[in-house]
Amino acid sequence: GVPEMPVRPIAERRVSRQIQVGPVAVGGGAPVSVQSMTTTRTSDIGATLQQIAELTASGCQIVRVACPTQDDADALATIARKSQIPVIADIHFQPKYVFAAIEAGCAAVRVNPGNIKKFDDQVKEIARAARDHGTPIRIGVNAGSLDRRLLQKYGRATPEALVESALWEASLFEEHGFRDIKISVKHNDPVVMVGAYQLLAEQCDYPLHLGVTEAGPAFQGTIKSAVAFGALLSRGIGDTIRVSLSAPPAEEVKVGIQILESLGLRQRRLEIVSCPSCGRAQVDVYKLADEVTAGLEGMEVPLRVAVMGCVVNGPGEAREADLGVASGNGKGQIFVKGEVVKTVPESKIVETLIEEAMKIAEQMEQDGVAS
Ligand code: SF4
């Protein structure tokens with residue numbers, strides 16, 4: 001039947017405060033959200049909105065845009081207004097851009113008050129403006145830009161150093177009664193990163209934004225992020241995630257969604273259960289799985305489709321799925337809800353599966369399964 005959310009969640013979620021990033025709740029038991037960051041010049045409003053639209057289509061729920069110049073700050077109001085998803089302005093150092101982002105209606109601002117304090121102490125004014133506009137702040141501590149004082153104290157960016165930095169940053173806002181905060185403590189080493197978030201989770205109740213920073217090209221970055229987020233989320237730690245890849249941001253979103261689905265923290269949509277193939281395979285399983293995946297891309301209903309290379313495990317898995325094929329002797333047995341509905345020649349397997357999938361999806365939509 002329809003895959004359901006696991007009976008037992010992978011972990012009790014850590015109890016955290018809840019903040020509101022536009023319409024998306026973060027923390028306090030809200031579903032873990034997926035975010036990404038644009039790679040366009042923010043001042044190029046058209047290109048940025050175009051990329052945000054692509055991210056939205058890929059399932060991104062919150063988007064961050066960099067704001068290093070006045071031109072970028074000037075673009076924020078239009079981008080925030082026209083974006084389909086909440087926009088977070090990412091600001092380093094310049095308080096004037098923080099005020100601009102808050103005024104522009106950005107859903108949140110990422111800024112480290114420690115940087116502001118060092119150059120032009122307007123932390124109090126930022127706290128007041130953010131409170132007046134209901135704009136939460138993310139404090140983003142990064143191993144690469146850790147305070148020199150802490151680097152000297154700890155020798156390198158250890159979990160303790162990252163956490164001390166984050167809590168100190170938070171205290172600069174707390175002094176002014178501002179607690180509408182989420183925190184990240186990113187490191188490129190998943191082991192250090194996991195240690196840092198665990199420590200941080202014990203020492204505060206702020207919602208946490210998970211990220212392995214500079215995780216690398218798609219393959220390595222995907223694995224680093226999956227391993228680190230899996231370790232943390234399986235302990236209930238983490239309220240919103242950003243996968244960082246040296247790849248187009250929509251890829252980050254796909255990976256983030258897969259991670260949440262794999263952990264049972266989000267209902268799966270399309271799931272392809274395909275065998276790795278082996279010496280018994282009687283069909284090109286890789287090709288078949290790719291073709292079925294491509295043909296069913298964008299399905300909004302939770303559909304489990306089994307693609308099996310032979311009759312050993314084939315019929316069993318195909319029966320467990322909503323839909324499946326078990327191949328043998330140049331033919332494919334098509335299963336729907338455990339019943340063989342037809343046997344088709346190999347060349348017709350893909351189109352038959354897609355046809356049947358559409359029928360099931362239609363039925364599911366009528367039954368209100370899609371959410
Ligand atoms: Fe091999 Fe058949 Fe199992 Fe696929 S289903 S891995 S072909 S035994």
Side-chain angles (χ1 to χ4, degrees), residues 14 16-21 24 26-28 33 35 37 62 64-67 86-95 97-99 101-102 106-131 133-151 154 157-187 192-193 195-213 232 237-242 244:
R14 159 180 170 263
S16 61
R17 308 163 67 87
Q18 188 166 80
I19 64 165
Q20 202 63 43
V21 179
V24 180
V26 175
S33 48
Q35 50 179 292
M37 189 164 181
I62 298 171
R64 189 153 45 104
V65 302
C67 185
V87 174
I88 301 181
D90 190 284
I91 296 162
H92 291 274
F93 311 118
Q94 303 93 332
Y97 300 156
V98 178
F99 295 114
I102 293 172
C106 288
V109 177
R110 182 274 175 113
V111 66
N112 292 353
N115 290 336
I116 302 280
K117 200 178 163 68
K118 256 183 266 172
F119 300 101
D120 178 9
D121 189 359
Q122 297 194 45
V123 177
K124 183 177 178 187
E125 289 73 16
I126 290 174
R128 185 189 305 134
R131 185 182 311 105
H133 287 79
T135 313
I137 305 265
R138 169 156 71 92
I139 291 170
V141 171
N142 225 307
S145 53
L146 193 65
D147 205 79
R148 197 170 304 132
R149 179 176 60 83
L150 289 166
L151 274 181
Y154 290 97
T158 62
E160 291 76 13
L162 293 166
V163 169
E164 184 172 329
S165 173
L167 294 177
W168 172 71
E169 298 273 359
S171 77
L172 298 178
F173 279 128
E174 288 162 357
E175 276 171 26
H176 305 294
F178 186 80
R179 291 173 167 275
D180 209 4
I181 295 169
K182 63 181 170 124
I183 302 184
S184 61
V185 278
K186 299 191 183 181
H187 196 289
V192 179
M193 178 273 195
Y197 276 98
Q198 275 188 281
L199 203 58
L200 182 62
E202 288 164 12
Q203 297 190 17
C204 72
D205 68 349
Y206 291 117
L208 302 182
H209 161 121
L210 303 187
V212 177
T213 189
L232 289 165
I237 298 169
D239 300 287
T240 181
I241 61 172
R242 193 265 169 117
S244 301

ask   = Would a 4.5 Å heavy-atom cut-off, applied to side chains only, mark Leu167 and Leu200 as touching?
value = yes
query = Rounded to the nearest 0.5 Å, how far does CD1 of Ile62 lie from CZ of Arg242?
reply = 12.5 Å
Indicate every side-chain donor-acceptor pair of residues 172-184 with a distance under 3.5 Å to a residue at least two apart or in another chain.
residue: Glu174; atom: OE2; partner: Tyr206; partner atom: OH; Å: 2.4
residue: Ser184; atom: OG; partner: Arg138; partner atom: NH1; Å: 2.7

remark   = Scanning both residues in full, the closest heavy-atom pair of Ala129 with Ile102 reads O-CG2, 3.7 Å
message = Which heavy atom of Leu151 sits nearest to which heavy atom of Ala157, and what is that distance?
response = CD2-N, 3.9 Å
task = Calculate, to the nearest 0.5 Å, the distance between atoms CD and CD belonging to Gln203 and Gln198 respectively.
result = 12.0 Å
message = Taking side-chain hydrogen bond (donor to acceptor under 3.5 Å, both in side chains) as the definition, give me every residue that meets it alongside Thr135, ordered by chain and number, with sequence neighbours left out.
response = none
query = Should Val192 and Thr158 count as side-chain neighbours, where that means a heavy-atom distance under 4.5 Å?
reply = no
request  = Identify the heavy atoms of Val21 and Pro86 that sit nearest to each other, and give their distance.
outcome  = O-CG, 3.5 Å
ask   = Can you tell me how far the SG atom of Cys106 sits from the CZ atom of Arg64, to the nearest 0.5 Å?
value = 12.5 Å
query = How would you list, by chain and number, every residue that makes a side chain to side chain contact (heavy atoms under 4.5 Å, CB included) with Asn142, sequence neighbours excluded?
reply = Arg110, Ser145, Lys186, Thr213, Glu214
query = Between atom NE2 of His187 and atom CE of Met193, what is the distance when rounded to the nearest 0.5 Å?
reply = 11.0 Å
key: Minimum heavy-atom distance Ile19-Pro136, with the two atoms named   = CD1-CB, 3.9 Å
query = How would you list, by chain and number, every residue that makes a side-chain hydrogen bond (donor to acceptor under 3.5 Å, both in side chains) with Glu169, sequence neighbours excluded?
reply = none
note = Between Ile139 and Ala166 the two heavy atoms that sit nearest each other are CG2-O, 4.4 Å
Ser16 and Leu208, any side-chain heavy atoms less than 4.5 Å apart = no
request  = Quick one: pull up CZ in Arg149 and CH2 in Trp168 and give me the separation to the nearest 0.5 Å.
outcome  = 6.0 Å
message = Distance check, rounded to the nearest 0.5 Å: Gln18 atom CD versus Asp239 atom CG?
response = 9.0 Å
task = For Gln94, check side-chain hydrogen bond (donor to acceptor under 3.5 Å, both in side chains) against everything at least two apart and list the hits.
result = none
inquiry  = Is there a side-chain contact between Ile126 and Ile137 in this structure, where contact means two heavy atoms from C-beta onward sitting under 4.5 Å apart?
reply    = yes
note = For Ala101 and Ile91, the nearest pair of non-hydrogen atoms, with its separation, is CB-CD1, 3.9 Å
task = With sequence neighbours excluded, tell me which residues meet salt bridge (charged side-chain N to carboxylate O under 4.0 Å, His left out) with Arg131.
result = none
message = What I'd like to find out is whether the side chain of Gln35 reaches to under 4.5 Å of the side chain of Ile88, using heavy atoms alone.
response = yes
